[in-house]
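Structure, as structure tokens:
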Amino acid sequence: MHELAVIQGVVEQVTERLGDTRVTAIHLTIGKLSGVVPDALRFCFELAVADTTMDGAILEIDEPEGRASCRSCRRDFVLQHPILLCPCGSADVSVISGREMLIRSVKVA
Amino acid sequence: MCATCGCGDEAGTRVTLLPDPGVAEHGHHLDGHPPHEHDHEHDHRHDHRHEHKAEAKTDRTIVLEQQILAKNASLADRNRQWLADRGVFAVNLMSSPGSGKTTLLERTIATMRRPTPIAVIEGDQETPLDAERIRTAGCPVVQINTGAGCHLDADMVMRALLALNPQRGTLLFIENVGNLVCPALFDLGEATRVVLASVTEGSDKPLKYPHMFAAADLVLINKMDLLPYVDFDVHRFSADVHRLNGRTEILKIIATANDSLIHWVEWLTLALDRSGFVDDHLDRVHSSG
């Protein structure tokens, strides 16, 4: 359940940046290959923000899909799993997106 | 709650340095806090009971674009620098519970012929049992108990490093909390990551826990002596590891049989040589000899 630690990290960073400013929404990007489960983040969120400037805030999460680029057939493709295999059969691929874990923005009152 | 300063310790993490091997005393409890100055008050800068007006008229959007794990990443970089400055080579050892991490470390301590000092940081949710085993094996050890936590993070490791104070040229093993999920995500500042799996766990583990195997520099398959008794497909396991991670090496071992650890010890020795810390180590040996 590393999602609790991840969401606590979000709370800490927002507090560091914004101090006492009341936050009404938090917008995250959690890539589908990141190893973090958005539903588990939502589950922990209420607990993590209790008695903070983010208490009652809305949590929005974008989940960009995994994408990779194949060096053999030079095509980009969607990566459903962290298994690095192109539909052409080549394993010589590099991940372009899907591993992101970002605090995009916050809304403040 | 920290007994020294009264500040909260919400994660409940405890760092305990065990006495030197051979000294029959209980470990000193370090209250699990980094050595920050305590001449200031830890009071809050604002009142939590003020009125929240959530339905405020005009909410403003502030763009942050910050990495969520930025804090752990910067603490991990600090650990890496701290370790490099002291010529300490750190191995983050990860596996599910019961794969044989502690047994492997006990045997590695006994098997390494090289005059390299070895130290261990043990991570478990509770109990100092593993640290006591390592201490009995004869090397300095610090136990981190994470309480509710399911993984070690860079901050815990720095607290353990300060307690351990490893000597120059040390080969440091960080035995992570037994868990194939969470530890994969947290950089500790280690030089290398080793993932241990055992044949009793089943050969589907790489595909079930891909993040762990994707992050490994070396994968060890333990308990090879039990292979005739279990349904474990070594080829399938190895092929799946390489589908996730083309650069990792795979070694088969029996942690309880010293002869089977030769390649593992060779791998460690080579990794240590490549790290560049070996020169410091040789200086130390020569100056003391």
Side-chain angles (χ1 to χ4, degrees), chain A residues 1-31 33-37 40-41 48 50-58 81-85 90-95 99-109, chain B residues 10-11 44-73 75 146 148-153 155-156 177 179-186 206-215 239-247:
Chain A
M1 195 58 173
H2 50 279
E3 282 79 5
L4 180 59
V6 168
I7 205 75
Q8 282 170 336
V10 171
V11 171
E12 272 177 39
Q13 287 191 57
V14 171
T15 308
E16 271 172 29
R17 281 287 293 267
L18 297 172
D20 294 347
T21 310
R22 173 102 186 103
V23 174
T24 56
I26 300 175
H27 184 184
L28 306 180
T29 294
I30 304 290
L33 303 177
S34 69
V36 170
V37 182
L41 284 181
D51 290 329
T52 72
T53 55
M54 285 147 266
D55 204 343
I58 296 161
H81 312 284
I83 296 167
L84 304 177
L85 201 63
S90 170
D92 190 13
V93 300
S94 60
V95 176
R99 289 178 171 159
E100 309 87 332
M101 280 200 276
L102 286 171
I103 309 173
R104 284 277 180 220
S105 63
V106 294
K107 279 187 182 147
V108 297
Chain B
E10 61 282 356
H44 290 84
R45 286 175 304 166
H46 63 277
D47 178 8
H48 285 294
R49 312 223 180 286
H50 59 261
E51 289 292 307
H52 288 322
K53 294 200 173 61
E55 61 297 334
K57 12 13 85 172
T58 44
D59 284 1
R60 234 165 8 103
T61 297
I62 298 178
V63 175
L64 297 178
E65 295 292 338
Q66 281 178 227
Q67 295 288 338
I68 292 180
L69 291 179
K71 189 179 172 195
N72 188 72
L75 291 173
T146 57
C150 51
H151 58 268
L152 297 179
D153 65 32
D155 181 52
M156 295 176 198
V177 178
N179 178 346
L180 281 179
V181 184
C182 312
L185 223 63
F186 292 84
L207 296 187
K208 284 183 171 175
Y209 302 96
H211 297 280
M212 178 58 75
F213 290 90
D240 287 344
V241 167
H242 283 137
R243 285 168 72 193
L244 293 162
N245 180 344
R247 67 187 162 79

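Each chain gets a letter, A, B and so on, in the order its sequence line appears, and its residues count up from 1.
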Using modelled atom types and a 3.5 Å cut-off, is there a donor and acceptor pairing between side-chain atoms of A:Arg99 and backbone atoms of A:Ile30?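 No; judged by distance alone, with no hydrogens or angles, the pair does not exist.
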
Checking B:Gln66 side chain against A:Gln13 main chain: does a donor-acceptor pair fall under 3.5 Å? no

Quick check for you: to the nearest 0.5 Å, what is the distance between B:Leu180 atom CG and B:Phe213 atom CZ? 5.5 Å

Does A:Val106 reach the side chain of A:His27, with side-chain heavy atoms less than 4.5 Å apart? no

Do B:Leu64 and A:Arg17 have side chains that approach each other closer than 4.5 Å (heavy atoms only, starting at C-beta)?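 Yes. Closest side-chain heavy atoms under 4.5 Å.
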
Contact winner vs chain B - A:Ser105, A:Ala25, A:Ala57, heavy-atom pairs under 4.5 Å: A:Ser105

Heavy-atom pairs under 4.5 Å with chain B are the metric here; pick the option from A:Val36, A:Leu85, A:Leu33, A:Leu18 that has the most. A:Leu33

Quick check on B:Ala184 against chain A: is it the side chain, the backbone, both or neither that has a heavy atom closer than 4.5 Å?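 Contact with chain A: none, neither part.
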
Chain B contact via [X] - side chain, backbone, both or neither, heavy atoms under 4.5 Å:
X        : result
A:Ser34  : backbone
A:Arg104 : both
A:Val23  : neither
A:Ile7   : neither

Would you mind telling me which of A:Thr15, A:Leu28, A:Leu41 makes a side-chain contact (heavy atoms from CB on, under 4.5 Å) with A:Val10?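 Only one of A:Thr15, A:Leu28, A:Leu41 forms a side-chain contact (heavy atoms from CB on, under 4.5 Å) with A:Val10, namely A:Leu28.
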
Shorter than 4.5 Å, heavy atoms on both sides: which option in B:Leu185, B:Val63, B:Ile62, B:Asn245 has the most such pairs with chain A? B:Ile62

